[in-house]
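Within every chain, numbering begins at 1; the chains are lettered A, B, ... in the order of the sequence lines, protein sequences first and strands thereafter.
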Amino acid sequence: MRANAETMRDTRTAADAPAPRDGGRVKVLFPLPLYKAYDYLAETSAGLAPGVWVRARFGPNRLVGVVWPAREDEEPAVEPAKLKPIEAALDAPPLAPAVMDFVDWVAAYTMFPRGSVLRLVMRSGDALAPPEGLVGYRPAGARPARMTPQREAVLAAAEGGVLSARALAAKAGASESVVRALAAAGALAPEPIDPDPPFPAPDPDRPGKALSPEQQAAARRLIDLIAREKPRPVLLDGVTGAGKTEVYLEAVAAALRAAPDAQALVMLPEIALTLPFLKRIAERFGAEPAAWHSDLGAAQRRRVWRRVLDGSARLVVGARSALFLPYRNLRLIVVDEEHEAAYKQEDGVIYQARDMAVARGALGRFPVVLASATPSLETVVNVDQGRYEMARLEARYGGARLPDIALVDMRREPPEPGRWLSPPLAQGVDEALAAGGQALLFLNRRGYAPLTICRRCGSRMKAPDSDTWLVEHRFENRLVCHHTGFSMPKPEACPVCNAVGALVACGPGVERVAEEAAERWPQARRAVLSSDAAGPAQIRAILDAMRDGEIDILIATQLVAKGHHFPNLVFVGVVDADMGLAGGDLRAAERTYQLLSQVAGRAGRAERPGRALLQSFSPDAPVLQALASGDRDLFLAAEAESRRLTGSPPYGRFAAILLRSRNEALLKEAAERHRAAVPRADGAEVWGPAPAPIYRLRGETRMRFLVKTRRDIDIQAYVRTWLKRARLPGAVRRVVDIDPYTFL
DNA sequence: AGCACGCCGACT
DNA sequence: GTCGGCGTGCTC
């Protein structure tokens with residue numbers, strides 16, 4: 001048991017504490033999957049202010065929780081007899097009101113329990129426990145009688161500040177025994193050291209890199225926009241290499257300058273959070289930022305958390321979870337690479353970090369900068385509709401160039417039977433290899449045959465009740481719609497043109513394309529990149545190998561589109577450009593455009609322009625035409641129009657409800673009961689149950705519903721009404737995913 | 001999240 | 001007969 005050294009906090013000093021209603025009764029929220037805060041007795045007459053960290057018994061255990069603000073929607077008070085006392089208030093700065101508002105808001109939006117969201121805030125485990133005693137050494141003035149080079153080195157190292165024996169020894173290049181000997185001789189004096197050393201203050205006025213006139217203009221505009229009374233989110237739009245980072249760092253500087261305790265967060269996709277990036281920031285501000293990401297060690301995690309809480313960590317650079325740190329006075333968030341799908345958190349509390357950042361800004365009344373070379377459609381639409389501001393880094397339209405893109409009409413230039421790469425595509429790879437460059441074959445599909453088309457007439461097998469494609473399930477030899485659950489035996493003849501035997505499973509998984517690549521280019525070095533191929537380390541290794549030119553042909557899913565840079569990539573073949581246009585994934589077309597933009601970004605530096613070929617059965621589709629035109633804004637407009645027509649986000653709302661269980665029969669029964677309980681409402685519809693994207697996972701079977709509503713409908717309220725009506729057996733678990741990203 | 005209470009299989 | 005499986009429900 002840890003020493004309970006927390007001191008009682010004199011709560012009467014909390015001047016702004018509103019007197020608790022109902023004398024001495026306060027609400028406490030615990031970091032557990034609980035929807036509500038629990039009532040406790042505060043023994044001091046003034047009670048405890050919201051935000052104060054407390055320890056109290058909850059059931060049989062003692063837990064740390066937070067005194068929570070009383071909200072309007074509360075149910076009748078529990079009997080006083082049930083109330084337990086708060087055992088202690090912890091000696092730590094209270095949670096800021098904006099953070100509590102944010103927890104409540106995220107819980108309401110995502111439909112996860114408040115306590116689960118609070119757990120995201122408290123994820124640093126025992127950060128509130130008193131620090132363990134750590135001893136360091138400083139020079140004591142006295143010099144030992146006998147000096148050695150090692151001793152000299154250690155004493156010199158100790159001049160720099162109080163360091164632990166180990167750190168001192170490492171710095172001096174000597175062993176710890178030298179340190180101990182010096183301490184014993186009285187040349188070094190022991191001194192307790194702070195296990196969570198504060199972060200040095202960033203200096204916003206330090207001269208940064210010289211900005212180009214264009215960067216200066218963008219920075220100025222950004223600073224003007226965010227200085228407004230009621231700041232709106234700003235899209236910072238500029239091509240790779242245009243120096244977006246330097247520009248938004250000026251916004252960070254302005255935010256830090258605005259108040260002595262102001263904090264700023266620069267959020268990055270996990271994969272982009274690298275040491276060189278941190279160094280770059282350190283150079284600008286003359287101090288290391290507080291870095292926050294998933295594989296931070298416990299000590300670092302604790303240090304960052306505590307220093308963010310007490311406000312001394314003023315600049316945080318972190319992955320999506322950094323959004324939930326306990327900021328004291330957050331004044332700016334930059335979401336770099338805002339289009340990245342990696343901002344979508346898929347386990348635990350499911351949320352979109354970019355969207356939550358925007359909400360955090362609104363609650364805290366501060367600006368949010370969304371930076372990207374290939375902004376997401378949602379963000380672009382928000383700009384178009386005047387909800388977001390925009391600052392562009394290139395005077396020319398959008399600036400994002402696309403490579404030389406051509407479409408391959410698969411009806412006119414089909415691959416040989418049993419193959420998936422058309423002659424032009426294969427030729428593109430040939431040429432890339434001959435020129436000593438790399439080729440990428442891109443494919444949005446990792447599973448098996450996802451789409452059944454008629455080779456004769458080009459028509460796609462669709463579900464009768466929706467405009468979605470049918471996916472072949474090989475085991476059952478059936479065609480299944482993953483949206484609606486509709487399924488039928490695979491027919492012999494095409495229902496449109498009646499051609500017999502012309503129906504083919506199309507859009508092969510990466511493995512099948514890899515097979516074909518092996519046949520065609522046996523001498524080339526090839527690799528397959530897909531999320532079910534390997535763990536993160538292997539994925540990393542493949543990406544590094546590609547970057548370093550150790551791979552000639554990479555066959556990859558969307559994983560490759562996550563902000564990587566391959567300097568020698570000269571050809572991209574998109575194996576099935578139709579996939580995203582009406583198929584499983586809402587954002588597949590967008591990812592294709594992002595990927596292509598990346599290729600183009602490099603093409604400027606490469607000797608020859610990058611080339612891309614898109615294989616399609618419907619090359620006349622407006623979205624594909626726009627892509628092939630190489631005009632980014634035209635593409636975005638076409639994509640927006642297609643979303644508008646189908647009522648998809650951002651013009652409509654989606655929610656996914658996943659049911660899972662080890663007991664398949666119970667699951668099916670629960671799914672049926674949910675189906676029956678679907679409320680009728682104007683502007684809302686529910687599709688399903690259908691097999692979930694991954695039907696069997698870790699011994700569980702999973703079914704999924706998709707809710708689609710008009711934009712003006714409160715989708716959470718609709719889902720709540722529905723789910724309240726469908727009681728589920730305990731053996732079936734249910735997860736709500738608002739704004740789902742995975743549709744496959 | 002823990003933890004206790006509560007009804008159905010293979011053991012001393 | 002009982003030990004114990006984990007399904008279900010509660011924690012102010």
TODO: Over 60° means perpendicular and under 30° means parallel, so classify the ring planes of Phe58(A) and Tyr38(A), tilted if in between.
DONE: perpendicular
In whole Å, what is the span from the [atom1] atom of [X] to the [atom2] atom of [N]?
X: Leu120(A); N: dA1(B); atom1: CG; atom2: C1'; answer: 14 Å
X: Lys27(A); N: dC12(C); atom1: NZ; atom2: P; answer: 13 Å
X: Arg62(A); N: dA1(B); atom1: CZ; atom2: C1'; answer: 17 Å
X: Leu29(A); N: dC12(C); atom1: CG; atom2: C1'; answer: 12 Å
X: Glu79(A); N: dT11(C); atom1: CD; atom2: C1'; answer: 13 Å
X: Arg123(A); N: dA1(B); atom1: CZ; atom2: P; answer: 14 Å
X: Phe30(A); N: dC3(B); atom1: CZ; atom2: P; answer: 15 Å
X: Leu63(A); N: dA1(B); atom1: CG; atom2: C1'; answer: 9 Å

Open item on the list: Is the positively charged end of Arg360(A) above the ring of Phe324(A), judged by distance under 6.0 angstrom from the centroid and angle within 45° of the axis?
Closed with: no
TODO: Tell me whether the OP1 or OP2 atom of dC3(B) has a side-chain N or O from Asn61(A) closer than 4.0 Å.
DONE: yes
- [ ] Give a yes/no on whether any side-chain N or O of Tyr38(A) is located under 4.0 angstrom from OP1 or OP2 of dT11(C).
- [x] no
Describe the nucleic acid contact of [X] in one word from base, sugar-phosphate, nothing, applying a heavy-atom distance below 4.0 Å.
X: Leu32(A); value: base
X: Arg57(A); value: sugar-phosphate
X: Phe58(A); value: base
X: Leu34(A); value: base

Are there any protein N/O atoms within less than 3.5 Å of an N/O atom in nucleotides 5-10 of chain C, and if so, which ones and at what distance?
from, atom 1, to, atom 2, distance (Å)
dT8(C), OP2, Gly730(A), N, 2.7
dT8(C), OP2, Ala731(A), N, 3.0

Task: Side-chain donor-acceptor pair present, Gln352(A), Tyr741(A), cut-off under 3.5 Å - done: yes
Open item on the list: Would you say CZ of Arg365(A) has more than 12 non-hydrogen atoms from neighbouring residues, nucleotides or ligands within 6.0 angstrom?
Closed with: no
TODO: Could you tell me whether Arg119(A) atom CZ has more than 12 heavy atoms of other residues or ligands within 6.0 Å of it?
DONE: no
- [ ] For the pair Thr110(A) (side chain) and Ile350(A) (backbone), establish whether a donor and an acceptor sit closer than 3.5 Å, ignoring hydrogens and angles.
- [x] no
TODO: Kindly point out which of dA1(B), dC3(B), dC12(C) is positioned nearest to the side chain of Pro60(A)?
DONE: dC3(B)
Open item on the list: I want to check something: taking the side chain as every heavy atom from C-beta on, are Val308(A) and Trp292(A) in contact at a cut-off of under 4.5 Å?
Closed with: no
